[in-house]
Every structure is written in C-alpha cells, then in structure tokens.
Amino acid sequence: MNLGYACINMTLGKKVTMSRTMVRRTFEAKGLDYVSDLALLNAKDMIKILEWNRMNGIMFFRASSAIVPWGDHIDITTLKDYKEIADELRKAGDYAKYWKMRITCHPGPFNVLVSPKENVVLNTIADLELHGKIFDLMGLDRSPYNKINIHCNGVYGDKKIAMDRFIDNFKLLSDSVRSRLTIENDDKASMYSVKDLMYIHNAIKIPIVFDYHHHTFNTGNLSEQEALELAITTWPKGITPVTHYSESKIGNKPQAHSDYIERIPETYGNIVDIMVEAKAKELAILKFI
DNA sequence: CATGGTCAAGTGGCA
DNA sequence: TGCCACTTGACCATG
C-alpha cells in the first residue's frame, strides 16, 4: 500500500513547484514564449519533487495539471523549448519508473464529459488530451496505473441520460486518454455514488476511484466496505486500485478538506494505494510513512 | 518583499 | 443572487 499526496510540496516551498501558471492578461501579453519558460521550469521542478519524495519514502504522487500553462489552448509542440520540455518530462517519467513510483493526475472540475453543451465537451477533451500527451511524453503506462481521474461533474436532472453522454463522448478521446481514464464518486447526495458509476463502468470498462470522504455524503445505500470493494472490482487485474482519502475541515462546510489527517482509512484487508487530499500535502502523510 | 484583490473554465448547494 | 467547494492556489499590482 502506497500513501500519496497531490501536486504541491510544502517543504520545498514556492521556489520548487510544478504549478507555475499565468492569468489570461499575461498570456495575451507575453504569449507562447512565456508559456514555454514556465513549462520548462515546471518540468524541471517535477523531477526535484520526485527526488524529494523518494528520499522521504513517498512513492505515490499526483502530478499538477498546470505543468504547461494554457496547454489546452495551444499546440505544445510549437513551444520554443518543446524539445527540452519533452526531455525533462521524459527524465521525470524515467525516474518515476526506475524507482517504481506511481504518478497519477486529476484534471479539474471544468472537465465535464457529461455536459449537454458541445463547447464544454470540446474544452474537456482538450484538457484531457493535454494530460494524456504529458503522460505519454513522460513514458508512463497507458493504463489506469497512471490514471487520469475525473468526476462526472453534472447531473442536469437525469443521471442516466447524463452518463449516456459520458459513454458517447468517451469514444471521442484518444487511446492515450481512454486507456488511463477513471471516474470518482461525488460528495453530494444528488450526484454520483459508486453504485451509480457502475453504469459507466459496465458500458466502457473504465475503473472507479473510491473516495472515502465523498462516500460519507453519498453512500448509494452501500456501507463503506461495500462501496470500496465494489469499486475495487472495476480495476484490471495486476493494477492496484487507487482510493482517495481526506477528512473534514472543522468549522467549514463538511466537504472542505482538513490540513492534516488523524488516521489512515480502513482497507478491510484489500490492497489499495491511497491518495491523501489534505491541505498540508506531504506533511500530512509523513508521520504515516 | 509582503499582502490582498483577482483570476479561464462548470456545476450544484446553500444563505 | 452570489459565494463556496471541488482538481491544486497562484498571479500580480500595489505599498
């Protein structure tokens, strides 16, 4: 079982980060050369973060979605430093593979494959394809071992009709994305429980990521163990399923994530990798490593 | 250099 | 109606 954290290393601070980006105004003012500069810095720092992880016994990490700022709006192969960026990404991927470190990603809430709006779906495809390209450049597996995980992110009054659009739109994705795509249960009762998501799994066979925290808001009438084990059945043989774990922040909406975690979740004897979503990032899991 | 207002994008819940 | 929460806060103008 691996414990992982997401995107940002608090110990290394703001000087070592793979999340440099820019606002639209700057993108329009400085253009592709500045995108290239930031992407190269981000790619180089990813290796530093992975090295830090290995030195500290952390073998599971979620890559930032902001490695190439505005990368879903441009052809990244035209960037002035593209060769060097690709080379750095490859080095990071090689490093991860050599040390058997698991890398995943989680594109943001603007990715809505169930949307009835064509432009939303097209934007979603562009963002997912960027993630696929980056993982390809890193040389990561085309399997859910290196998952690209999203939520459905919308219901529009009818889950089944919405999920049918997911299933249709899935066919528009490249093999790079389709082979890695996973779906996660939601933290609202009106949205998708693990049981709901089985409808998508049964149609297109992509695995379900079980989020412990979200499950408490939307059980689908399954116990934690039942939902976890149902999700586990959706993963291919030989690939350790991923789960997400977080705890509620006191004083906020209960869905908000706490800085640290008090415990490691119950796995009921199953082997899973656990991505811990806590605001203190690697600091939250170090004491459990 | 610290800080606070602002920032691409979608959706649903809530005061 | 406007804010919050989710992927992951980061950017940038100002003092």
Side-chain angles (χ1 to χ4, degrees), chain A residues 4-10 12-30 34-35 37-39 41-42 45-46 49 61-74 103-128 130-131 134 147-159 162 165-166 169 181-192 209 211 213-218 242 244 246-249 251-259 275-282 284:
Chain A
Y5 71 100
C7 309
I8 295 166
N9 184 294
M10 307 291 279
L12 291 172
K14 297 214 184 267
K15 294 231 163 28
V16 180
T17 171
M18 59 186 298
S19 309
R20 295 174 187 86
T21 182
M22 68 189 90
V23 297
R24 183 171 61 186
R25 196 170 66 251
T26 308
F27 178 51
E28 286 167 356
K30 298 193 176 178
Y34 190 52
V35 170
D37 291 342
L38 293 188
L41 290 170
N42 285 338
D45 279 357
M46 171 158 47
I49 294 171
F61 181 65
R62 178 185 298 168
S64 161
S65 292
I67 297 174
V68 183
W70 298 89
D72 50 338
H73 291 249
I74 61 175
I103 309 284
T104 62
C105 66
H106 196 342
F110 310 110
N111 288 272
V112 192
L113 222 40
V114 300
S115 179
K117 299 172 196 164
E118 186 184 18
N119 71 307
V120 173
V121 173
L122 292 175
N123 291 343
T124 298
I125 291 172
D127 198 18
L128 292 176
L130 173 66
H131 286 80
I134 288 173
K147 74 180 168 64
I148 299 174
N149 178 60
I150 57 174
H151 290 264
C152 288
N153 283 333
V155 172
Y156 316 94
D158 191 315
K159 286 183 204 174
R165 285 193 294 268
F166 189 111
N169 291 331
L181 198 67
T182 62
I183 38 172
E184 177 181 345
N185 58 310
D186 287 297
D187 63 3
K188 297 185 183 78
S190 65
M191 295 186 78
Y192 302 85
V209 170
D211 186 307
H213 191 229
H214 296 171
H215 173 78
T216 65
F217 303 101
N218 184 7
V242 174
H244 292 177
S246 56
E247 295 174 7
S248 290
K249 189 180 185 96
N252 286 56
K253 326 183 108 179
Q255 280 87 350
H257 296 335
S258 62
D259 292 346
M275 176 54 61
V276 176
E277 297 170 329
K279 298 298 182 190
K281 303 297 174 188
E282 86 285 359

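Values reported hereafter were calculated over all heavy atoms of this structure, with side chains retained and with hydrogens, waters and symmetry mates removed. Within every chain, numbering begins at 1; the chains are lettered A, B, ... in the order of the sequence lines, protein sequences first and strands thereafter.
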Polar pairs (N or O, both sides) under 3.5 Å between protein and nucleotides 11-14 of chain B?
| unit_1 | atom_1 | unit_2 | atom_2 | d |
| --- | --- | --- | --- | --- |
| B/dT11 | OP1 | A/Ser115 | OG | 3.3 |
| B/dT11 | OP1 | A/Tyr156 | OH | 2.4 |
| B/dT11 | OP2 | A/Lys117 | NZ | 2.7 |
| B/dG12 | OP1 | A/Val155 | N | 3.0 |
| B/dG12 | OP1 | A/Tyr156 | N | 2.9 |
| B/dG12 | O3' | A/Ser190 | OG | 3.4 |
| B/dG13 | OP1 | A/Ser190 | OG | 2.3 |

Seminar exercise, completed: Encoded 5' to 3' (Watson-Crick or G-U under 3.5 Å; [ ] crossing; | other strand), DNA chain B becomes |||||||..||||||
For this session: Please state how far atom CD1 in A/Ile125 lies from atom P in B/dA9, giving the value in whole angstrom units.
Result: 19 Å
Exercise. Expressed in angstrom and rounded to an integer, what is the separation of A/Ile183 atom CD1 from C/dC6 atom P?
Worked result: 21 Å
Problem set entry | A/Val120: which of A/Ile125, A/Val112, A/Asn153, A/Val114 passes side-chain contact (heavy atoms from CB on, under 4.5 Å) | A/Val112
Problem set entry | Within residues 103-113 of chain A or reaching into it, pairs that qualify as side-chain hydrogen bond (donor to acceptor under 3.5 Å, both in side chains) - sequence neighbours excluded | A/His106-A/Asn149, A/His106-A/Glu184, A/Asn111-A/Asp127
For this session: Pick the C1' atom in C/dT7 and in B/dA8, then give their distance to the nearest Å.
Result: 14 Å
Exercise. Contact class for A/Glu28 (heavy atom, under 4.0 Å): base, sugar-phosphate, or nothing?
Worked result: nothing
Exercise. Is a side-chain donor-acceptor pair under 3.5 Å present for A/His214 with A/Asp186?
Worked result: no
Problem set entry | All side-chain contact (heavy atoms from CB on, under 4.5 Å) counterparts of A/Met22, not counting sequence neighbours | A/Thr26, A/Phe27, A/Tyr34, A/Val35, A/Leu38, A/Pro69, A/Trp70
Problem set entry | C/dT8 base / A/Ser65 side chain donor-acceptor hit below 3.5 Å | yes
Seminar exercise, completed: Against the side chain of A/Val23, the closest entry in B/dC7, C/dT7, C/dG9 is B/dC7
For this session: Report which part of the nucleic acid A/His73 touches: base, sugar-phosphate, or nothing (heavy-atom distance under 4.0 Å, all strands).
Result: base
Polar atom pairs between nucleotides 13-15 of chain C and protein, under 3.5 Å, N or O only, would you list them?
| unit_1 | atom_1 | unit_2 | atom_2 | d |
| --- | --- | --- | --- | --- |
| C/dA13 | OP1 | A/Arg25 | NH2 | 3.3 |

Exercise. Can you tell me how far C1' of C/dG9 sits from CD1 of A/Ile8, to the nearest Å?
Worked result: 6 Å
Problem set entry | B/dA2 and C/dC6, which share atom name C1', separated by this distance in whole Å | 29 Å
Exercise. Expressed in angstrom and rounded to an integer, what is the separation of A/Leu130 atom CG from B/dA9 atom C1'?
Worked result: 14 Å
For this session: Would you mind telling me which of C/dT7, C/dC11, C/dT8 lies closest to the side-chain atoms of A/His151?
Result: C/dT7
Exercise. Atom CZ of A/Arg20 and atom P of C/dC11: how far apart are they, to the nearest Å?
Worked result: 8 Å
For this session: May I ask you to say what A/His213 touches in the nucleic acid, namely base, sugar-phosphate or nothing, with a heavy-atom cut-off under 4.0 Å?
Result: nothing
For this session: Please state the P separation for the pair B/dG4 and C/dT8 - nearest whole angstrom.
Result: 25 Å
For this session: Tell me whether the OP1 or OP2 atom of C/dC4 has a side-chain N or O from A/His257 closer than 4.0 Å.
Result: no
Exercise. Relative to the 5' end of DNA chain C, which residue comes earlier, A/Asp187 or A/Lys279, by the nucleotide with the nearest heavy atom?
Worked result: A/Asp187
Exercise. A/Asn149 near the nucleic acid: base, sugar-phosphate alone, or nothing, with a heavy-atom cut-off under 4.0 Å?
Worked result: nothing
Exercise. Is the distance from OP1 or OP2 of C/dC11 to the nearest side-chain N or O of A/Lys14 less than 4.0 Å?
Worked result: no
Seminar exercise, completed: Rounded to whole Å, the CZ-C1' distance (A/Phe217 to C/dA5) equals 11 Å
Problem set entry | Results of side-chain contact (heavy atoms from CB on, under 4.5 Å) for A/Asn169 - residues two or more places apart only | A/Leu113, A/Val121, A/Arg165, A/Leu172
For this session: Write down the distance separating the P atoms in B/dT6 and C/dG2, rounded off to the nearest Å.
Result: 15 Å
